[in-house]
Number of protein chains: 2
Amino acid sequence: MYEKKIPKDFSCGMAVLMEIIGGKWKSYLLFLIGKGVRRPSELHRQVPAATKRVLNLQLKELEFHGIIGKDIYPELPPRVEYFLTDFGQSLMPVINAMDNWGSGYVGEFRQLMERKSELSGIHN
Amino acid sequence: MYEKKIPKDFSCGMAVLMEIIGGKWKSYLLFLIGKGVRRPSELHRQVPAATKRVLNLQLKELEFHGIIGKDIYPELPPRVEYFLTDFGQSLMPVINAMDNWGSGYVGEFRQLMERKSELSGIHN
DNA sequence: CCGGGAGGGGATAAAATTATCCCTACCCGA
DNA sequence: TCGGGTAGGGATAATTTTATCCCCTCCCGG
């Protein structure tokens, strides 16, 4: 979490929610943790596009807001498990609604994106 | 909309939705347009913290994804009205769910944020 | 004793997003 | 004719978010 110089205002609940789950990988992480993927290394394997480092940062922010919790087992090799707090659970219906809506649109979305990159001559 | 050099993957619906409504002011804009605020100048008055310029950019992106539409009346002085498309309407339940959840958390959220800035010695 | 896997993070670079500044054009009322 | 309101956008700076790179500890199996 970096210091922000320009204050955001959170007069609308959406903005608050966005602040909490708006990171690039937070959606995946919540989704996976919600599905029962708990250990950091496992999460990383599921989202190999992101670095361990980055995932840790995002997990920390989710933890900061009390969405997820972290059990640290003093074992060797070290074992850590993330889980949804009750508060996080209360978020799941919203997450699911978001995901459902999004899933219905992925198709068109991809087409739009392709058209856009054709226009600009960029092909990822 | 700027060119992105690092491709994002949209394997989960949430990520798609985030791409669409994830801008700093898009939440407000959708909320306001949903409530019947239609004209650009009016929107700007409701969100004075953002510049005209920035709002225009975000509106364009919403329009690009087909969430909102734009009626341009060839009058003088010029008149423009934004509106939710059917597709945009289908998003409103989700938006509302998000907003409700967020609103319930604003209080604690503000406290968290204050504690954070106390720690770092920053007072906006 | 080396490699790999578990966990974690500092320093810094790159990319993406927002902000700022200023300019366009038009019309109206004082 | 000047100030204000309508709408829009180019160029560039500042801020914020992500990525990259390399480092740490510990243990186990070959």
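We use all heavy atoms of the structure for the numbers below, so side chains are in, but hydrogens, waters and symmetry mates are not. Proteins come first, then strands; the chains are lettered A, B, ... in the order of their sequence lines, and each starts at number 1. All figures in this text were calculated on a predicted structure; none of them were measured in a lab.
- Which of D/dA19, D/dG5, C/dG8 sits closest to the side chain of A/Pro40 comes down to C/dG8.
- When the side-chain nitrogen and oxygen atoms of A/Lys70 are compared with OP1 and OP2 of C/dG8, one or more of them lie within a distance under 4.0 Å.
- Across all strands shown, B/Ser41 has heavy atoms under 4.0 Å from sugar-phosphate atoms exclusively, and none from any base.
- Taking the charged nitrogens against the carboxylate oxygens, A/Glu42 and A/Arg45 do have a contact shorter than 4.0 Å, which makes a salt bridge.
- Among pairs with a residue in residues 72-82 of chain B, those fulfilling salt bridge (charged side-chain N to carboxylate O under 4.0 Å, His left out) read B/Glu75-B/Arg79, B/Arg79-B/Glu81, at least two apart in sequence or across chains.
- When the P atom of C/dA6 is taken as reference, atom CD of A/Glu42 falls 9 Å away, rounded to whole Å.
- Atom pair A/Tyr73:OH and C/dG8:P shows a separation of 14 Å (rounding to whole Å applied).
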Atom pairs, protein N/O to nucleotides 28-30 of chain D N/O, distance under 3.5 Å:
none

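- Proximity of A/Arg39 to the phosphate of C/dG7: a side-chain N or O atom is located under 4.0 Å from OP1 or OP2.
- Side-chain N/O atoms of A/Trp25 include one lying less than 4.0 angstrom from OP1 or OP2 on D/dA19.
- The separation between B/Leu57 atom CG and D/dT12 atom C1' is 14 Å, rounded to whole Å.
- Across all strands, B/Gln58 comes closer than 4.0 Å only to sugar-phosphate atoms, never to a base (heavy-atom distances).
- Note: OH (B/Tyr82) to C1' (D/dA7) measures 9 Å, nearest angstrom.
- Here the P atom of nucleotide D/dT18 and the NZ atom of A/Lys60 are 15 Å apart, to the nearest Å.
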Task: Pair A/Lys24-A/Val54, side chain to side chain contact (heavy atoms under 4.5 Å, CB included): steps then yes or no - done: CA-CA 10 Å; A/Lys24 179 163 180 180; A/Val54 175; over 6 Å; no
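- Atom CG in B/Leu55 sits about 13 Å away from atom P in D/dG9, given to the nearest Å.
- At a threshold of 4.5 Å between non-hydrogen side-chain atoms, the residues B/Met98 and B/Val94 count as touching.
- The neighbour count for B/Asp86 CG, taken as heavy atoms of other residues, nucleotides or ligands under 6.0 Å away, does not exceed 12.
- Counting heavy atoms from C-beta on, the side chains of A/Phe64 and A/Ile20 never come closer than 4.5 Å.
- Considering only side-chain N and O atoms, A/Lys8 lies under 4.0 angstrom from the phosphate OP1 or OP2 of D/dT17.
- Checking D/dG8, C/dT18, D/dA7 against every side-chain atom of B/Asn56, the shortest atom distance belongs to D/dG8.
- The line from CG of A/Leu59 to NE2 of A/His44 is 11.5 Å long, rounded to the nearest 0.5 Å.
- Residue-to-nucleotide proximity on DNA chain D shows that, of A/Lys52 and A/Gly23, the 5′-proximal contact is made by A/Gly23.
- When distances run from any side-chain atom of B/Val54 to the nucleotides C/dG10, C/dG8, C/dT18, the shortest one goes to C/dT18.
- Closest to the side chain of B/Arg53, out of C/dG7, D/dA19, C/dC21, is C/dC21.
- Regarding A/Glu61, its CD atom lies at a distance of 8 Å from the P atom of D/dT17, rounded to whole Å.
- B/Tyr105 is not listed as a side-chain neighbour of A/Leu91, based on a closest heavy-atom distance of 4.5 Å or more.
- For A/Glu75 and C/dG7, the CD to P distance is 11 Å, given to the nearest whole Å.
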